Every structure is written in structure tokens, then in C-alpha cells.
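Since the structure comes first, as C-alpha cells, the remarks are kept for the end.
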Amino acid sequence: MSTGTPTPALHDPMTSVHEAIEEAVGSALEAIGAETPEITFEIPPDPKFGDLACPVCMGLARALKKNPRQIAADVKARLDATGVDWVARVEVAGGGYLNFTLDWPRFMAAVHDHVSREGDGYGFVGVGKGKKVVVEHTSANPNKPIHLGTARCAVLGDVTGRLLKMAGYDVEVENYVDDLGRQIAVLLHGYEHHKAEVERNPGDKADYYFGLVYMKGSEDVEDKPGGEEIVRDILHKMEDPSTPENKLAKEVVDQALKGQLETTWRMNIFYDVLIWERHIITSGLFAQAIETMMARSPETCYKVDAGDDKDCIVLDMSAFGEKYAQDKKPYKILVRSNGVSTYTGKDIAFQLWKFGEAAGYFSYERFIMQPNGKLLYSTVVDEGKGKKAKKAPKLSFGNADRVINVIGNEQKFPQEVVKSAMKVLGFDDHYENSQHLSFKEVGLPDQKFSGRKGTWVGFHADAAIDKATEKALAIIKEQNPTMPPSEQEAIAATIGVGAIKFYLAKFDMEKEITIIWDDLLNFEGDACPYVQYSCVRAQSILNKAKEAGVALPDASSALLARDVDSPEARALYFSLAHLPRKVVAWAASLEINQIPLYALEVADKFNKFYHECPILRSDVPEPVQRARILLVQDTITVFKQILRQLMGIDIPLRM
RNA sequence: GGGCAUUUCAUCUAAUGGAUAGGAUACCAGGCCUCUAACCUGGCUAGUGGCGGUUCGAAUCCGCUAAUGCCCGCCA
């Protein structure tokens, strides 16, 4: 018996193998009188230990008062008597492991059959079927370009969205735009006073240019006497639709945002809808959210009536864990004494909207057409007079079952407040389904990226992609001197983008990334070009085969395992077979960095197969050649699923 | 002061409580008459910050400790 949690019906061979062993081991344990614990598997460190190992017997020693090896031997005896589906051999090893060796001919044939039949649907599983997930990511302040830190957010968010799509969810990707924040006021100040000092080269994008202007403005007002007053004055004017500041702010934000979008588009990162921070307030959504919280839970959400924070509306976090009681203040202010909301306050209202608890506050209009052919929409709110926006009333954004906010680690506390607010409001489901996907900063060996100080200059995403592309181009020119320049450049761009995306995704999200160009631009070893190159080699075999007049077998034709069998082919098929199970696991754990690591594993296994198992050499018998080509085709299918579908990284035709 | 993370070969990193802690880079030696050498093979050097504890078994869980980072604003 497997565990009681309902797993979706999966028919991939690897899952069949697991289920067969779980069932067989489960009933064997039952027969010898053991309480069946969860049956886990691991992949043995050495092929001589078999293909899958089960350590379950070792944990039963105490309960059964028996030597774990003896328990394993008893289980093995029963398994041998009945046989285990998909398994050729069971052995006892080590301190009581049950080691299983697969029925390889059957397994490889089944994997090939499954992969080739599923094609670009391979890996798509049903765990999210019928459920909608909102993924918010990027949400970079529109006063500077995307730097490698925000790019990490964008990449992780993008891959998360793609992963959940593969897991069967209906996915909506949102980008939250802080359009009226303090940093815009600082930018306007810089624009007004230092416009002439900041040179704008013809090729400079607006986000880059404004980033430089912002630095200038920041020098003037940050930590300077009178600076705060200047900022407040501009902020005030920005809110009044009749002022030039209001108009300019909108224009600047619009241009900077479009510049940022160009950068993410370069990386194959797209969005469904932009949520403007201002609209959370102007729509009335925020006021309603606060009112409801105070009514539902007056003990935790209330107006402070004395002390420093008199007249502020707060959310008391001490109800959510003792640790908050140790903070300077056990509560988070949601509304200031002057009635203006805080950032976290708005985030709570936004979270409610994502879950569909504030429907009707927003309408939507077209913002811009994206290069992937999908329209990007934007929230719009009727603000009294003026022209009616071109609404798209049929659209319904939000209303999700699960919400994932991809936001830096430094916002852990505010994100906990947002999540806790769901509980305060009585939305226990939303509380459970609110996830903060946290990641750590990207920096330089001796400093962090800062918009104020301009340390991002030279480390914005465009610059990194350019650098990687340049390097790729140099290599291509050297290796393919006769290739037309336009093709060389297109391939270089694909490699450059891939290198950056892959790099930003491959590290444990709890770990900081320190940018060292030599490492980031190393195209050998654990890097995207290695994976792309592997795939290009695989495609090249098929191309060469066609040129040589070798008839390619139909992808769906049956694989005769004996013709392909070799340690390298087994290892490769074993890796290929894991995709569906991995997608299920990742969709729950959101361990995004496992995806590039898996890509590297497949590339590694393929390259070993490539070297050991020639295909087009004249001494390769036809049936063997045929079988090996099928494996190459299956490998290409999986490469495409990982790189293109899960990571949004293209695969060049040649390299 | 409190909270949350991080700490693994020279360097960057991986490891659902499980077998000999895996890989990459760098370095050395090989491999293109033969499917693309951004690759492969072999070698090299080696590592779980420190002290305890739990466990049949700990890089992993717990406690203490050290270093580093982030958070604990009516900022955003």
C-alpha cells in the first residue's frame, strides 16, 4: 500500500515502477507483520547496487526486534516468490537495503514508447488540473533597468510559471508596478535638476537613462537636509492630476517600464497583466480590505489609540508566533496616522484580489503587444472624469486557488504579514495557499546592487546578456566562419540569453549569488551552453543521417531494447524517465534550481552515450543504428521540454 | 536586544536522515581519417566552521558557539 494521499493517475513508466515496488514491498512487510511505514527510494551510489534502493527495512529493526538485514532477507524471500512487476532482481545489501534491478529491456521500451507518444506533451501532469495559480514576479521599481538581482526574480518567477503550467495549472503571471512611489519622486527631482548632466546616447534605453537620472536625484535628497521636504512636495504634486508632475510621472514610469519589459522579453519572459499599485488605492479595494479585517478580527487588526503610533491601523502579529512578540513592535502598521496606506497594507489588499476576494474593483485595458504574440493587459480604474478607458470587461484576472509571490528574502516579514492577514480575514484556504517564493540577493564580491548608488551600472541584465552574447559570437565565428553573420548573431543571442537565465536559476534560492564574470561567462561544464551544445549534437546526428540517406525510423516505432542496450543507454533512459515525477515534486516544493540541474544531468548522460555508442559509423549494424536513433530522438524531446518549455531557453540548430 | 537564513575540496557548487559526501572549474596527461573537441577519458588535490546531543545511521534533526547576510521604519 502506498501512502494515503491521492496521487493523480500517472502512466509514465518510472511511476509504474515505483508503484509496483511500493505495492510489492508493502504487502511483503504486511505479511511479516510490520507496520508499513512510508516506502522511500533512493538511487544507489553505484550501479552494482542495482537501480533503485529501498532503505525501509533498516527503520523497522526496533519494532520487529530483528536484525535489519534479516528483515530485508525475509522481504526479499517473499518478493522472489511472487515476483515484482518491472523488476528483474532483488538483492539485500549493506545494512539492510533492498536493491532492485530493473527489467531493462521492458523498461527502456516503455520509456521510449511513452516519450515518443507524448512528444511535446511529455512531462505534463495533472496535479494542478482545474486549479488556477497566480505567480507575481519581477515587480521592479520603474526607475531603473532590470539588474541581475531583479533578473534573478524574473527568471525564477518565469520558470515557476512554466513549471506550474506543465504541472497542469492554469497559470497567470503578474507584474506589480509601483507607479507612484517615493523613488519616482526622486527620479523626477533628478530629471528636473540634472537632465543636462546625464548624457543619453542614442542606443540607451529609457530604463537605463532614468536609472542614471535617479542616481543624480538621489544624491541630492537622500540623507540631505531638506531632502525629505523636496520629495514630499513632489509626491504631493504627483497625486494631483492637474499638475505637470503627475503627467511627467506617468510618462517616465511608462517609458521605464517598457524598457524593463524589453529586457525581460529578450529573456523570453512575458506577463499576463500589470497591476498598478495606485489602483489598489483608487479603486477602493484597499479601504474595503482594511475595514473587513478590523470587523472580522478586532483583536488583531485595530486602530492604535495612544502612544507613538496613535491613529495608525495595525495588524498584530503576536497571534502568529511568539517570535513576533520579541520584535520592537509586535504589529505591522497598515495605515498611517494620516490615513495613507503602507506598502504592506497595499500588499494585503492585492493578495485578496489575487484570490478573487475583491472582484469588480479593476477593469483592464491593453497595455502592449508582446513579442510572443500575447497581449499584456493592465489594470484600469475609472477615476471620475476623463475619457473612458478601452476596457476589456470579459477578461477576468485574479481569482486564483494558489498564489505565489516571487519576492526577495528581505521581504520575508512583510510577506508573512500578508499571509497572516488571510487568516485574520477568515480565509484559511488562502492562508494555506499563499506562498512566498523567497530568494537571496545577487551582488558583487564586495557590495550589493543599489539603485541609489548606481552599483548596478555594468551589471544590469542587458549588459550581462550582451557580454555573454558577445563571447558566444566570438566562439561561433571561430568555429563556423562560413556561416552567414545574421545566423551567427541569432545563435549567439540564444546562447547569451540561455547562459544568463540558466546561471540565475541554478543556485539554491536561499544562497546569495556573487557575480564573477569568469564564472558567469564560463561556457564549459555546469552551464547552459553545455546543455544546448548537447542538444545540437543530437540534432546534428539526425541531420547527418538524413544527408547520408539513412532512413530515420518513425519516432513512434517500437524500440527493441536489446539493440540499444548499453550502460550509457540505460543511464540516459533512466534520466529521461524521471521528468514527469520531477514535475510533480517540483510543483509542490518549488525548488526551481533543480530544473537546470536536471538539464545538466541529462546532458551529461547523453554525452557519455554519444561517445560510447556511435550511430552513423559504417560498422554499426542497422538495427542498432535504428534503436540508437530512437534514443537520440527521445533525448531531444526531453531537452526541449526542459530548456524550452520549463526554462524558456531556445535551442540553436547549430553551434 | 530579538527573529530568519547561510557556512561543504584551491574556487563555484550538489546531496527526500541512509551505502565510498557527487559534480563543475582550475591544473596535468591523453583522445578529432570516423555522428560538432562549448565534448570525452584518465590523473591530481581534497572538503561538511567549532563543541555537544538525538539516531541502527547526521552535511542534513536538536542545543550551545563563531563568522557573514537580511529583517524587526507611519520608507518603498
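All figures in this text were calculated on a predicted structure; none of them were measured in a lab. Letters A, B, ... are given to chains in the order of the sequence lines, protein chains preceding strands, and every chain is numbered from 1. Because only heavy atoms are used, hydrogens play no part in the values below, and waters and symmetry mates are left out as well, while side chains stay in.
Atom name P, nucleotides U11(B) and A26(B): the rounded distance is 16 Å, in whole Å. Using atom C1' as the reference point in both A21(B) and A15(B), the two lie 7 Å apart (nearest Å). Nucleotides G63(B) and A24(B), compared at atom C1', are 36 Å apart to the nearest Å. U60(B) and C70(B): their P atoms are spaced 26 Å apart (whole Å). To the nearest whole angstrom, the two P atoms, one in G42(B) and one in U25(B), are 14 Å apart. The same atom, P, is picked in G23(B) and in C40(B); the two are 13 Å apart, to the nearest Å. For U48(B) and U41(B), the P atoms lie 27 Å apart once the distance is rounded to whole Å. With C1' as the reference atom, A67(B) and G22(B) are 27 Å apart, rounded to whole Å.
Look at G30(B): its Watson-Crick or wobble partner, with both distances under 3.5 angstrom, is C40(B). The pairing partner recorded for U54(B) is none, the criterion being a Watson-Crick or G-U wobble arrangement whose two distances lie under 3.5 angstrom. Across all strands shown, U7(B) forms a Watson-Crick or G-U wobble pair with A66(B), both key distances being under 3.5 Å.
Only Ser540(A), Ile541(A), Lys544(A), listed by number, bring a heavy atom of residues 539-548 of chain A to less than 4.0 angstrom from any atom of RNA chain B.
Contact annotation for Tyr530(A): backbone-only contact, meaning every heavy-atom pair under 4.0 Å involves sugar-phosphate atoms and none involves a base. Using a 4.0 Å heavy-atom distance criterion, Arg654(A) is classed as a base contact. Residue contacts shown for Ile516(A) are absent, as no nucleic acid heavy atom lies under 4.0 Å away. Across all strands, Lys471(A) comes closer than 4.0 Å to no nucleic acid atom at all (heavy-atom distances). Among the atoms of the strands shown, base atoms are found under 4.0 Å from some heavy atom of Gly59(A). As judged by a 4.0 angstrom heavy-atom cut-off over every strand, Phe41(A) is placed among the base-contacting residues. Residue contacts for Asp309(A): at a heavy-atom cut-off of 4.0 Å it reaches a base atom on one of the strands shown. In this structure, Asp308(A) reaches the bases: a heavy-atom distance under 4.0 Å links it to at least one base atom across the strands shown. Note on Asn99(A): a base of the nucleic acid sits closer than 4.0 angstrom, heavy atoms only. Backbone-only engagement by Arg182(A) is indicated by non-hydrogen atom pairs under 4.0 Å involving sugar-phosphate atoms exclusively. If you check every strand for non-hydrogen atoms under 4.0 Å, Pro614(A) touches a base. No contact: Val340(A) has no heavy atom under 4.0 Å from any strand. As judged by a 4.0 angstrom heavy-atom cut-off over every strand, Glu510(A) is placed among residues touching the sugar-phosphate backbone only.
Here the P atom of nucleotide A14(B) and the CG atom of Leu597(A) are 7 Å apart, to the nearest Å. Between Tyr610(A) atom OH and G31(B) atom P there is a gap of 18 Å when expressed in whole angstrom units. Between the CZ atom of Phe507(A) and the P atom of U6(B) there is a distance of 16 Å, given to the nearest Å. For Ile513(A) and G69(B), the CD1 to C1' distance is 15 Å, given to the nearest whole Å.
A salt bridge is defined here as a Lys NZ or Arg NE, NH1 or NH2 lying under 4.0 Å from an Asp or Glu carboxylate O, and Glu222(A) with Lys224(A) fails to meet this definition. We find that Asp619(A) and Arg617(A) are joined by a salt bridge, their nearest charged nitrogen and carboxylate oxygen being less than 4.0 Å apart.
In this structure, the ring of Tyr176(A) has its center less than 6.0 angstrom from the ring center of Phe350(A).
Ring orientation note: the planes of Phe574(A) and His578(A) are nearly perpendicular, at an angle over 60° on the 30°/60° scale.
Nearer to the 5' terminus of RNA chain B, by closest-nucleotide assignment, is the contact made by Lys323(A) (compared with the other of Gly181(A) and Lys323(A)). Taking the nucleotide of RNA chain B with the nearest heavy atom to each of Asn409(A) and Ala472(A), the more 5' of the two is matched to Ala472(A).
Counting non-hydrogen atoms of neighbouring residues, nucleotides and ligands closer than 6.0 angstrom, the CG atom of Asp446(A) exceeds 12 such neighbours.
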task = Would you please test Glu487(A) and Arg654(A) for salt bridge (Lys or Arg N to Asp or Glu O under 4.0 Å) and show each step?
result = CA-CA 9 Å; Glu487(A) 194 183 344; Arg654(A) 291 199 279 164; 3.5 Å; yes
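Put simply, the side chain of Lys48(A) and the base of U20(B) share a donor and an acceptor less than 3.5 Å apart.
A stacked arrangement is not assigned to Phe413(A) and the six-membered base ring of G3(B), the conditions of a centre distance below 5.5 Å and an interplanar angle below 30° not being jointly met.
Results of the side chain to side chain contact (heavy atoms under 4.5 Å, CB included) test with His189(A) over Asp233(A), Asp220(A), Val231(A) single out Asp220(A) as the only residue that passes.
Using a 4.5 Å cut-off on side-chain heavy atoms (C-beta onward), Leu29(A) and Leu60(A) make contact.
OP1 or OP2 of U7(B) sits under 4.0 Å from a side-chain N or O of Lys511(A).
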